[in-house]
Amino acid sequence: WGDLAVLPASGGTPKKIMEDVGWAEWGPDGRNLVVHRHYAQASKPQSITYQGRSIIELPSGFEPDSFSLALSPKKDKLAYLERRARNGTLVIVTLEGKVLHRTPLSFRADHLRWTPAGLYAICGSLDGLDGCSLGQLDPRSGRLEILYRAMGGMTLFDVSPEGAFLLSRNGKRESWIGFTNWKKPDQPLESTLSWGYWAQKPALSSDGRRLAFSSSSFYESPEKSLLAEAKADPREGSFTVLGDGSVGALSPDGKWVLNVVLNDRGNSQLRLLPTGPGDDRPLPGEWSHISDQIHFFPDNQRLLLSARK
C-alpha cells in the first residue's frame, strides 16, 4: 500500500490525492473512487470507502492486494475475499455497505475479475492436483466452474467483453551453475549442473565430476535425490534420479550418496545410494531431526552429522 495519485491520460506529473491506499477503482459516477484504505498502524482497521465515507470495515488479518477486490460491471457492487491459509470467504456488498452474499469457499481463491459474463478467479490446488485453476465463481453457492488448469502459478490480469482472458503462468526455478576453463583457459564456460524446480543441497565429488543434489517441483512429489555427471564436454551433462528423499552428502570418491528419507512415522532415516551399479544400503536407526550439515570423512567410511533421536 502507499499513496494514491491521479495522472492525466496525456501524461504529466502525478497528483497525490490520498495516503494509505491498498487498491482503488473509479466508481459508477466516473468521478469518485472506491478505495481500500490500509493503514500502517495495526490498531486502525482497514476499510472500503466511497465518496469519502466508509462502506464496510474489513476483518483483522485481511490480506490486501490489488487482486483481492473487484467492482461489478455496473460498479454498484463490490466483491472481495477474506482469505485464510487453505480457503476463504467471498463477500459481495453494495456501495451503500449492505452485505448481499457471504459465501464460504472450500479452496483459496485470488485474482478476482468481474465482467458482464460473470465473476472469475484463480484458485490453488483442487482435487489433490498441483498447480492453479482459472474458473467462474457462483457467488451464491461458492462453486467454481473450472475453465483452465495450469501447472505452477497463474495471474489473471483482465477479461475482455468477448470473454478472452489475459493470463500469465508463473514459475520459479533454482539451478546450480558451474564454470570451467574447458579448452579456452581465458574464457570461462558456464554450464548448467542441475534441473527442475528448487535444486538444493549440492554435494560435489573431490574430482569435481559428480554433483549430487535434491530437487522438487510442482510436477513431482516427494523430493528426489539426483546425480549429475560431467562428460568430456561439460555442456553435455547426464542426470540420474537415485531415489526419493534429499541429499545429505556425497562421498569424496563420488561412489555413494547419503540419502535422508522420511518413514511412515515421520522420522528421518539414512541410507547410502550407489552412484553406479549396486544396491542401496540402509543405515541403522531413525531420527526426529537431522541437521543439513552432514559430511563424509576423507576415508569414505565414516560420517559426521548432528541428529536428534
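In this chain, residues are counted from 1 in sequence order. Please read these numbers as outputs of a predicted model, since none were measured by experiment.
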Listed partners of Lys309 passing side chain to side chain contact (heavy atoms under 4.5 Å, CB included), at least two apart: Trp287
Specify the closest pair of heavy atoms between Leu7 and Gly11, including all atoms of both residues, with the distance to one decimal. CD1-C, 4.5 Å
Test side chain to side chain contact (heavy atoms under 4.5 Å, CB included) on Leu250 and Leu204; report intermediate values, then the result. CA-CA 7 Å; Leu250 177 64; Leu204 192 66; 5.7 Å; no
To the nearest 0.5 angstrom, please state how far the NE2 atom of His289 sits from the CG atom of Asn267. 12.5 Å
When Ile, Leu, Val, Met, Phe, Trp and Tyr are grouped by side-chain heavy atoms lying under 4.5 Å apart, directly or through other members, which residues fall in the same group as Phe297? Leu304
State, yes or no, whether a side-chain contact exists between Thr103 and Thr89 at a heavy-atom distance under 4.5 Å. no
What distance do Ile56 atom CD1 and His36 atom NE2 have between them, rounded to the nearest 0.5 Å? 11.5 Å
Hydrophobic cluster identity match, Leu78 and Val91, side-chain contacts under 4.5 Å: yes
Flag yes if Val21 and Tyr50 sit in one hydrophobic cluster, no otherwise; membership is Ile, Leu, Val, Met, Phe, Trp, Tyr, and two members link when side-chain heavy atoms are under 4.5 Å apart. no
State plainly whether one hydrophobic cluster holds both Val159 and Tyr148, where clusters connect Ile, Leu, Val, Met, Phe, Trp and Tyr through side-chain heavy atoms under 4.5 angstrom apart. yes
Can you tell me how far apart OG (Ser251) and CG (Leu303) are? Round to the nearest 0.5 Å. 9.5 Å
dist Asp244:CG -> Asn259:CG (nearest 0.5 Å) comes out at 8.5 Å
Counting C-beta onward and ignoring hydrogens, is there a side-chain heavy-atom pair between Met18 and Lys16 closer than 4.5 Å? no
Work out which heavy atom in Arg37 is nearest to a heavy atom in Thr49; give both atom names and the distance. CG-CG2, 3.8 Å
Would the distance check show the side chain of Ser205 and the main-chain N or O of Asp253 forming a donor-acceptor pair, the cut-off being under 3.5 Å? no
Taking all heavy atoms of Pro139 and all of Leu137, pick out the closest pair and write down the distance. CD-O, 3.4 Å
A quick test of your reading: do over 12 heavy atoms of other residues, nucleotides or ligands sit less than 6.0 Å from CZ of Arg31? no
Side chain of Arg302, backbone of Phe296: donor and acceptor closer than 3.5 Å? no
Close side-chain approach of Leu95 and Ile55, heavy atoms under 4.5 Å: yes
Start with the C-alpha distance between Ile48 and Val93, add both sets of side-chain angles, then the distance that settles side chain to side chain contact (heavy atoms under 4.5 Å, CB included), and finish with yes or no. CA-CA 10 Å; Ile48 303 294; Val93 299; over 6 Å; no
Find out whether Val247 and Leu258 are in side-chain contact, i.e. whether some heavy atom of one side chain is under 4.5 Å from a heavy atom of the other. no
Are Leu262 and Ser268 close enough, and set up right, to give a side chain to side chain contact (heavy atoms under 4.5 Å, CB included), and what steps lead you there? CA-CA 5 Å; Leu262 291 177; Ser268 297; 3.5 Å; yes
As a quick check of understanding, evaluate side chain to side chain contact (heavy atoms under 4.5 Å, CB included) for Asn263 and Glu286, giving each step before the final call. CA-CA 9 Å; Asn263 60 23; Glu286 60 182 62; 3.2 Å; yes
If you look at every heavy atom in Leu71 and Lys77, which pair is closest and at what distance? CD2-O, 3.3 Å
Looking at Arg308, is its backbone amide N or carbonyl O close enough to the side chain of Ser288 to form a donor-acceptor pair, meaning the two atoms are under 3.5 Å apart? yes
Contact summary for Pro274 and Pro277, nearest pair of heavy atoms: CB-O, 4.1 Å
If Ile, Leu, Val, Met, Phe, Trp and Tyr residues are connected whenever their side-chain heavy atoms lie under 4.5 Å apart, and connections chain through other members, are Trp23 and Leu33 in the same group? no
Linking I/L/V/M/F/W/Y whenever their side-chain heavy atoms sit closer than 4.5 Å, directly or via other members, would Trp256 and Ile290 fall into one cluster? yes
Can you measure from CD (Gln46) to OG (Ser54) and round to the nearest 0.5 angstrom? 11.5 Å
When rounded to the nearest 0.5 Å, the distance separating CG of Leu156 from CG of Leu166 is 8.0 Å
Report the residues that fulfil ring pair (Phe, Tyr, Trp, His ring centres under 6.0 Å) with Phe165, sequence neighbours left out, ordered by chain and then residue number. Tyr120
May I ask you to decide if Lys255's main-chain N or O and Thr275's side chain share a donor-acceptor pair within less than 3.5 Å? yes
Side chains of Ile146 and Leu134 in contact at under 4.5 Å (non-hydrogen atoms): no
Do you know which two heavy atoms are closest between Ala249 and Ile294, and how far apart they sit? CB-O, 3.6 Å
